[in-house]
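These notes concern the structure reproduced below.
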Amino acid sequence: MAVSSVSATVTILASAVVGAFTGTLCSVMRTVIGEIERSRLDWLSTDTLSSLSLIVLTSALLSGLSAFLVFTFAPEAKGSGISEVEGCLEEVRSARWWRIIPVKLVGSICAISSSMVLGQGGPSAQIGASTGQMIHDSLRLHDKGVQHTLMVSGTAAGMASAFNAPMSGIMFVVAEEMLPDFHYTFVSFKAVIIATITATIITRLLQGNHPILLTTALDEAPFSAIPVLSILGMISGVMGVIFNHVIMITRQAFVLIHRNEPLSYLFIIACIGAGAGALLVIFPAIVLNGSALMIDLTHEAFPLTTLVIWFLLRFVTTLICFGSGVPGGMMMPALALGGLLGCIVDTVCPAELSAGSAVLCLTGMAAFFSATVRAPLTGVFLVLEMTHDYNLFLPSLITTMSAVFVAQAMGGRPIDRWLLQQTEALEQIVNEKVKK
């Protein structure tokens with residue numbers, strides 16, 4: 001579905017507007033989440049029973065409000081949102097931007113701020129795609145090709161804004177995750193780049209130009225580390241496939257338990273939020289999106305037992321939080337799981353073969369992400385742009401390709417495609433149960 005030559009200039013200009021709006025909205029979301037999290041963490045410093053109780057209560061209220069907004073006003077704003085974007089591009093899901101944008105924005109702020117294990121990547125991508133639909137409708141273009149291009153451009157802009165990673169956003173939609181939905185023309189390709197540029201400029205003006213993960217400068221990995229990097233990739237591939245399968249089971253279980261009944265749904269989500277708040281008090285390493293934990297892992301060494309416990313518990317908390325269906329992504333939580341895997345491998349491998357704890361942590365992030373999302377180049381560029389350290393390029397390529405080969409050999413499927421198919425199936429099952 002190509003963009004007509006007559007509308008090429010309009011499409012390029014509109015994509016710039018989409019990027020600017022997306023960058024602004026995603027920056028607002030990131031800023032508000034950061035302020036709420038800082039305020040709640042300040043309560044911990046007082047170490048009083050009332051402060052700790054307040055954290056648990058606000059977590060329950062924030063998560064409950066998020067669930068209420070989604071259930072009442074925009075069910076398509078649940079979860080990450082990337083699968084919904086793919087459904088809109090394939091014209092099997094609706095794109096009601098006037099509902100999705102405010103609900104996804106406020107709902108994601110509430111859910112992520114409640115300390116649940118969720119990230120901003122997926123919500124930012126859906127907000128960007130919905131912004132593309134909004135600009136298309138506002139300009140009354142009435143052109144399916146332009147509509148498609150602006151939605152894809154907004155998705156790339158959202159990814160870029162969430163991680164301050166323009167190349168990752170472009171690769172995500174043009175070459176990997178959304179390749180089946182991307183209708184390539186020179187105009188559409190330029191539109192994606194323009195939207196990503198404007199989103200990144202706005203984000204850096206509002207948020208500053210600094211890497212998401214502040215790590216020390218890393219040395220280039222020695223060739224002797226190639227076997228360990230390959231093994232890390234293979235382990236990540238296996239764990240990524242397992243993670244995807246358990247995510248699908250968890251998500252289905254949640255839907256079948258609450259059966260779209262409002263009080264049941266709100267009660268379950270509020271309890272999960274309260275649990276996340278309690279864990280923030282007693283065991284903070286296994287909640288939140290994991291970015292702070294990754295910074296700690298790249299700066300200091302931890303015992304093997306500690307790393308294994310963190311990985312197992314974060315695996316469970318990620319499943320519960322993301323599987324619950326509240327607005328929030330799993331990209332950063334998946335990156336955190338990969339980072340823990342990398343540190344575990346570094347701890348058990350011989351010192352003369354290791355590329356260093358920080359290198360294995362960061363390349364493990366890329367590998368696990370690639371195994372779950374099935375986007376190796378996006379995983380590599382995400383890690384490079386999140387750290388601003390390009391010595392990671394070759395090691396990350398080794399781990400991600402090893403992970404993807406193993407995931408494919410095991411019959412693993414990209415998580416967002418799978419989620420889209422499951423959403424349609426679950427809606428049909430729930431509707432049939434309600435009718436009975």
Side-chain angles (χ1 to χ4, degrees), residues 37 40-41 44 52 55-56 59-60 62-63 79-80 111-122 213 232 235-251 253-254 257 268-326 328-348 357 360-362 364-365 367-369 371-372 403 415:
E37 287 184 344
R40 280 159 47 83
L41 289 173
L44 288 176
L52 303 183
I55 288 176
V56 175
S59 290
L62 286 168
S63 58
S80 167
I112 297 171
S113 300
S114 71
S115 304
M116 295 177 75
V117 187
L118 299 166
Q120 301 173 38
L213 298 179
L232 172 58
I235 294 173
S236 299
V238 173
M239 294 306 300
V241 172
I242 294 173
F243 179 78
N244 283 2
H245 275 87
V246 184
I247 275 285
M248 302 303 289
I249 294 170
T250 306
R251 193 165 176 260
F254 268 108
I257 289 171
I268 292 171
I269 300 304
C271 287
I272 294 173
L279 288 172
L280 179 65
V281 175
I282 61 177
F283 207 163
I286 65 170
V287 290
L288 303 174
N289 66 8
S291 58
L293 177 61
M294 292 302 98
I295 294 174
D296 290 340
L297 290 174
T298 57
H299 284 84
E300 58 182 300
F302 293 90
L304 177 61
T305 304
T306 301
L307 295 171
V308 172
I309 290 173
W310 283 352
F311 177 81
L312 293 176
L313 293 179
R314 280 197 70 91
F315 195 95
V316 173
T317 54
T318 303
L319 291 175
I320 293 173
C321 294
F322 184 74
S324 68
V326 294
M330 60 157 235
M331 288 185 181
M332 194 63 210
L335 289 167
L337 288 173
L340 284 167
L341 271 181
C343 290
I344 291 171
V345 170
D346 174 71
T347 304
V348 299
S357 177
L360 289 180
C361 173
L362 295 167
M365 290 169 58
F368 192 86
F369 173 91
T372 56
I415 185 64

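Under the rule for a side chain to side chain donor-acceptor pair (under 3.5 Å), Thr372 has no partner lying at least two apart in sequence or in another chain.
When all heavy atoms are compared, the tightest approach of Met331 to Gly121 is SD-CA, 4.3 Å. Of all the heavy atoms in Leu213 and Ser291, the pair that sits closest is CD2-O, 3.7 Å. The nearest pair of heavy atoms linking Ala371 to Gly240 is CB-CA, 4.0 Å. For Ser324 against Ile269, the heavy-atom pair with the smallest separation is CB-CD1, 3.5 Å. Residue Gly364 comes nearest to Ser236 through the heavy atom pair O-OG, 4.3 Å, listed as atom of the first residue, atom of the second, then distance. When all heavy atoms of Ser357 and Leu297 are compared, the closest pair comes out as OG-O, 4.0 Å.
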Expected list for residues 333-340: side-chain donor-acceptor pairs under 3.5 angstrom, two or more places apart:
none

Show the numbers, then the answer: is there a side-chain contact (heavy atoms from CB on, under 4.5 Å) between Trp310 and Phe283? CA-CA 10 Å; Trp310 283 352; Phe283 207 163; 3.3 Å; yes
Begin with the C-alpha distance, continue with both residues' side-chain angles, and end with the deciding distance and a verdict on side-chain contact (heavy atoms from CB on, under 4.5 Å) for Val345 and Leu341. CA-CA 6 Å; Val345 170; Leu341 271 181; 5.6 Å; no
Verdict with supporting geometry, Met248 and Phe243, side-chain contact (heavy atoms from CB on, under 4.5 Å): CA-CA 9 Å; Met248 302 303 289; Phe243 179 78; over 6 Å; no
Please evaluate residues Asn289 and Ile112 with respect to the criterion side-chain contact (heavy atoms from CB on, under 4.5 Å), reporting the C-alpha separation (whole Å), side-chain torsions for both, the decisive distance (0.1 Å), and the verdict. CA-CA 8 Å; Asn289 66 8; Ile112 297 171; 5.7 Å; no
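We find the CD-OG distance between Gln120 and Ser80 to be 12.0 Å, quoted to the nearest 0.5 Å. To the nearest 0.5 Å, atoms CZ (Phe254) and CD1 (Ile249) are separated by 13.5 Å. Note that the CE atom of Met294 and the NE2 atom of His299 stand 13.0 Å from one another [nearest 0.5 Å]. Atom CZ of residue Phe322 and atom CG of residue Leu118 lie 8.0 Å apart, to the nearest 0.5 angstrom. Between the CG atom in Asp296 and the CD atom in Glu300 there is a gap of 5.5 Å [rounded to 0.5 Å]. Of the inter-residue distances, the one linking Ile272 atom CD1 with Ser63 atom OG reads 8.0 Å to the nearest 0.5 angstrom.
Not one N or O on the side chain of Ser59 forms a donor-acceptor pair closer than 3.5 Å with the backbone of Ala274. Side chain of Arg314 to backbone of Val287: a donor-acceptor contact under 3.5 angstrom is found. Not a single donor-acceptor pair under 3.5 Å links the side chain of Thr306 to the backbone N or O of Phe302. Side chain of Thr317 to backbone of Ile286: a donor-acceptor contact under 3.5 angstrom is found.
Ser114 and Arg40 are not linked by any side-chain donor-acceptor pair at a separation below 3.5 angstrom, with hydrogens and angles left out of the test.
A heavy-atom distance below 4.5 Å is not found between the side chains of Arg251 and Leu319.
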